[in-house]
Asker: 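Handing you this structure, nothing more for now.
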Amino acid sequence: MTSEVDETPGMSEALGYEQARDELIEVVRRLEAGGTTLEESLALWERGEELARVCRRWLDGARARLDAALAEEAAEGEEAE
């Protein structure tokens with residue numbers, strides 16, 4: 001495996017959404033370009049899956065916050081009536 005795709009376990013958890021997204025874009029670009037060994041391709045794919053999970057967690061968290069804010073706003077609107 002190359003050091004370009006190796007990551008210390010748990011390090012992905014500290015990535016912000018934009019960092020994870022940008023790295024995922026780069027992983028996909030490298031996979032689409034080809035020219036890597038099977039081992040490197042598998043490592044890139046695994047990294048891409050991990051980054052996609054990080055992005056999904058960020059997006060799910062943002063959706064939950066938005067839903068909570070909208071629910072609070074709706075509750076306050078009902079109380080005012």
Asker: Quick one: OG1 on T36 to CG on L31, what's the gap to the nearest 0.5 Å?
Answerer: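 T36 OG1 to L31 CG: 6.0 Å, rounded to 0.5 Å.
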
Asker: Atom CG of L59 and atom CG of L66: how far apart are they, to the nearest 0.5 Å?
Answerer: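 It is 12.0 Å, given to the nearest 0.5 Å.
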
Asker: Okay, side chain of E40, backbone of T37: is any donor-acceptor separation there less than 3.5 Å?
Answerer: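 Side chain of E40 to backbone of T37: a pair is present.
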
Asker: Measuring from atom CG of D22 to atom CG of L15, what distance do you get when rounded to the nearest 0.5 angstrom?
Answerer: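 If we round to the nearest 0.5 Å, D22:CG and L15:CG are 10.5 Å apart.
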
Asker: Would you please test E18 and R21 for salt bridge (Lys or Arg N to Asp or Glu O under 4.0 Å) and show each step?
Answerer: CA-CA 5 Å; E18 290 81 7; R21 180 203 58 210; 5.1 Å; no

Asker: Is it the case that the side chain of W58 and the backbone of R53 share a donor-acceptor pair, with hydrogens and angles ignored and the cut-off at 3.5 Å?
Answerer: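 No: the side chain of W58 does not pair with the backbone of R53.
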
Asker: Hey, what do you get for CD (Q19) to CG (L51), rounding to the nearest 0.5 Å?
Answerer: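 CG of L51 is found 10.5 Å from CD of Q19.
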
Asker: Could you state whether L42 and L44 fall into the same hydrophobic cluster, counting links through intermediate Ile, Leu, Val, Met, Phe, Trp or Tyr residues with side-chain heavy atoms under 4.5 angstrom apart?
Answerer: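 L42 and L44: separate clusters.
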
Asker: Can you tell me which residue among R47, E49, E50 is in a side-chain contact (heavy atoms from CB on, under 4.5 Å) with V27?
Answerer: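 So the option named by the test is R47.
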
